[in-house]
**Q** 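Have a look at the structure that comes next, please.
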Amino acid sequence: MRIKCYTESTSVPAVIIKRERKKKVKKSTKIVLAVALCLCLISGIFASLFMTGFNTVKVQDIEVVVDKGYVINGQVYIPKKASEDNKLPLIVLSHGSYNNFDHQDQNMIELARRGFVVISSDAYRHGDSSVAVEPQDYFMNMKHLIDYACASWTFIDEDKIGVSGHSMGAMITNVTVEEYFKEGAAGGVNRIAAALDQGYDPPYADYEFEGVEGTIPVDIDFGVVAAKYDEWFFKDENGNPATYLQNPNAAAFINQLDEENVSTVENHKIYTGTINGKECIRVINQNNEIHPLNHFSHASCRDIINFFYAAFGVPAGYEQIDADNQIWQWKEIFNLVGLVGIFLFLFPFASMMIHGTKFFAELAKPEPAPAPKLSDGKRKAAYWITYALNCIIPALLVVPVAYKLVGQSSFVPSTVSTWFGEPNTNELAAWTLVVAICLLVVFVVSYIITRGKGEHGAPECWGVKASARVIWKSFLLALLTVFTAYVILFFVDLVFNTDFRIWVIDMRVFTVNKLVFAVAYVPAWIAFYLVNSMLVNGGNRIEGRPEWLTMLISCIGNIIGIVALIVIQYSGIIASGTFAFNSMRIVNLFPLVFLIPVGTLVSRRFFKETGNIYSGSFTIAMLYTMMTVANTMVLASVLG
């Protein structure tokens, strides 16, 4: 039996149907395209309003070149009442590993609207800061910024300089504090008056410096924000972070105050006393969250506000704003509105190119008919077994491929080369490519077993067969679509100084260095989304199955294994503090729970328009590759 692929009824002339479809698509795509562009504009306008505290704070991009020639990229939030006559406290922030300065958004916004000058920067080897940095300077970006600010700005109170960071950024905070204490011990100036670690252990003992007799007490204000279910830090002897407040380390931290001798720390209590005769505070804030939520949390943001109020008081010229009065969430919502706008933009723009230009016109093809119904038990069993394998395989390969094969069982991703210089991306790309190969093998074997050699019509319905010219034009269309999407992003960044994102999913502007990485990594994502589109459009499209059900089954199948890994990991952490898998590799899966289903929906829409898997897969692969490489750590680069 040969399976015929068709879409049009023979009772209506094909020319009329084609003309009507073209007219309908053009009208609908124009509407959706207009909505998408409006969402991007609305995103920029309102995200900017909340970012600037409704025009009470000036936000500037900065690019600081330090003595060694390193470049530090970041942003400074300057309250408009800051001046040489009204000096304000300075807070310098640092993000965690594999992130960028935007991930301190909540703290930048809330501290600045309360009268603090705030800087947040890309750490060295992250974002748009320098990659080629000497090892001894890897974690010195915060100190370099403080030295720069004190030398260049007249509107900051140099007696009230605070530092805070998340995860790796908190380690940078600790390094910065220690470096200034070392300078102070050598007769220099210790510029730090207060420090707050987010998601990282603070110093539990006095400093000891070579050539300095005795120990140096940490006689500044110091605080901690700790997740109760932190994946890496604050663990007791059994590896459980939930008991941190009863941990001897936590008690030792509070007992740095001469007046204190606690064994169990009271949560959120600001302990006051003296260290080395100097008045200081200590506080530990433990919240019911996981490590990656420290920088996306009302509770943690509240604790950071309260700490710096306690350390520096209310800045001059400002009234105290309750710490629970927060607006950063609205900026994040409008950042998300822009991200939704970009995803809505992709297909309508491509469709307009297909129907509005001669060059891309031949890409408009009717959607192939679905495969036959699951008419017998053998086909039903094979279909659901194949579906189950497709659900399970990605999850089963995370640890052996990403963690063990590429990551070499390292604590965090670190395997790189000059062309493939992003350790996190290396693991994700390799895993993505291996998953694509395995899923393709399962799909082909299932077809051979269930359909037999006599039913050669089915591959014609998968959207795989296309001329080299059609594939090339599909590639060019995807390139044009993604390029235009980034033109929108760069415009919004230029005019409003905002981008499109939510939590750890970030579409941000990039430098040439990132384009080189995108070229290196995009084949892996292309392979995955070509196979994914084949499975969705050639495997899950069953005759008689409604479109909504096809997409629901496809989206669930794409992420259910990943979700299962996350559930297994965090149910163990919450229940007993035990970790089933390496934490970094599971945290890296969070964005995929959102991105893969969205990619599936977008590529499906392309398939219905073009009848092939290429244009949609190329588009999503290019976009996701660019988003990934622009938003992570770089340890090596062919560009230096």
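Along the sequence shown, residues carry numbers from 1.
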**Q** Just by distance, no angles: are the side chains of Thr600 and Asn558 close enough, under 3.5 Å, to form a donor-acceptor pair?
**A**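 A pair is found: one side chain offers a donor N or O, the other an acceptor, under 3.5 Å apart.
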
**Q** Only pairs at least two apart or in different chains count here, so list each salt bridge (Lys or Arg N to Asp or Glu O under 4.0 Å) that has a residue in residues 474-499.
**A** Asp499-Arg501

**Q** Got a sec: does the CD1 of Ile560 have more than 12 other heavy atoms crowding it under 6.0 Å?
**A** no

**Q** Check the side chains of Ser94 and His166 for a donor-acceptor pair under 3.5 angstrom, ignoring hydrogens and angles.
**A**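 No, no side-chain donor-acceptor pair sits under 3.5 Å.
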
**Q** Ring-plane angle category for Phe155 and Trp153, please: parallel below 30°, perpendicular beyond 60°, tilted otherwise.
**A**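 If you compare the ring of Phe155 with that of Trp153, the planes turn out parallel.
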
**Q** Parallel, tilted or perpendicular: which one describes the rings of His144 and Tyr70, with boundaries at 30° and 60°?
**A** tilted

**Q** Classify the angle between the aromatic ring planes of Phe334 and Phe46 as parallel (below 30°), tilted (30 to 60°) or perpendicular (above 60°).
**A** parallel

**Q** Looking at residues at least two apart in the chain, or sitting in another chain, which of them share a salt bridge (Lys or Arg N to Asp or Glu O under 4.0 Å) with Glu427?
**A**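 In terms of salt bridge (Lys or Arg N to Asp or Glu O under 4.0 Å), with neighbours along the sequence ignored, Glu427 is linked to Arg585.
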
**Q** Using the ring centroid of each side chain, check whether Tyr529 and Tyr624 are separated by less than 6.0 Å.
**A**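 Centroid distance Tyr529-Tyr624: below 6.0 Å, so yes.
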
**Q** With a 4.0 Å cut-off on N to O distance, would you call Arg508 and Asp122 a salt bridge?
**A** yes

**Q** Would you call the rings of Tyr614 and Phe618 parallel, tilted or perpendicular if under 30° counts as parallel and over 60° as perpendicular?
**A** tilted

**Q** Do Gln75 and Ser120 have side-chain atoms, one donor and one acceptor, less than 3.5 Å apart?
**A** no

**Q** If you measure only the distance, is there a donor-acceptor pair under 3.5 Å linking the side chains of Asn141 and Ser121?
**A** yes

**Q** Do Gln326 and His298 pair up side chain to side chain, a donor and an acceptor below 3.5 Å, judged on atom types alone?
**A** yes

**Q** Check the surroundings of atom CZ in Phe491: do more than 12 heavy atoms from other residues, nucleotides or ligands lie under 6.0 Å from it?
**A** no

**Q** Can you run down the ring-ring contact (aromatic ring centres under 6.0 Å, His included) pairs that involve residues 100-123, sequence neighbours left out, and say none if there aren't any?
**A**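 Passing the test, one end in residues 100-123: His103-His295.
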
**Q** By the salt bridge (Lys or Arg N to Asp or Glu O under 4.0 Å) test, which pairs, at least two apart or in different chains, include something from residues 43-62?
**A**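 The answer is none; no pair qualifies.
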
**Q** State, to 0.1 Å, how close Ala112 and Tyr77 come at their nearest heavy-atom pair, and which atoms those are.
**A** CB-CB, 3.6 Å

**Q** Angle between ring planes, Trp503 versus Phe296, binned at 30° and 60°: parallel, tilted or perpendicular?
**A**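 If you compare the ring of Trp503 with that of Phe296, the planes turn out tilted.
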
**Q** Under the salt bridge (Lys or Arg N to Asp or Glu O under 4.0 Å) rule, what pairs show up with a residue in residues 414-425, not counting sequence neighbours?
**A** Glu422-Lys514

**Q** Just by distance, do the side chain of Ser351 and the backbone of Phe347 share a donor-acceptor pair under 3.5 Å?
**A** no

**Q** Among His291, His95, Gln198, which one satisfies side chain to side chain donor-acceptor pair (under 3.5 Å) with Ser167?
**A**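 Only one option passes, and that is His291.
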
**Q** Are side-chain N/O atoms of Asn588 and Tyr98 paired as donor and acceptor at under 3.5 Å?
**A**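 Per modelled atom types, Asn588 and Tyr98 side chains form no pair under 3.5 Å.
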
**Q** Is there a side-chain contact between Cys301 and Asn107 (heavy atoms, below 4.5 Å)?
**A**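 The answer is yes, as the side chains (C-beta and beyond) meet within the 4.5 Å cut-off.
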
**Q** Indicate the ring-plane relationship of Tyr570 and Phe590, choosing parallel, tilted or perpendicular according to the 30° and 60° boundaries.
**A**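 Tilted.
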
**Q** With a 4.5 Å limit on heavy-atom distance, are the side chains of Asn55 and Lys80 in contact?
**A** yes

**Q** Does Glu110 reach the side chain of Ile327, with side-chain heavy atoms less than 4.5 Å apart?
**A**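 In contact.
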
**Q** Just distance, no hydrogens or angles: give the donor-acceptor pairs under 3.5 Å from side chains in residues 481-489, sequence neighbours left out.
**A**
unit_1: Thr481; atom_1: OG1; unit_2: Leu477; atom_2: O; d: 2.8
unit_1: Thr484; atom_1: OG1; unit_2: Leu480; atom_2: O; d: 2.7

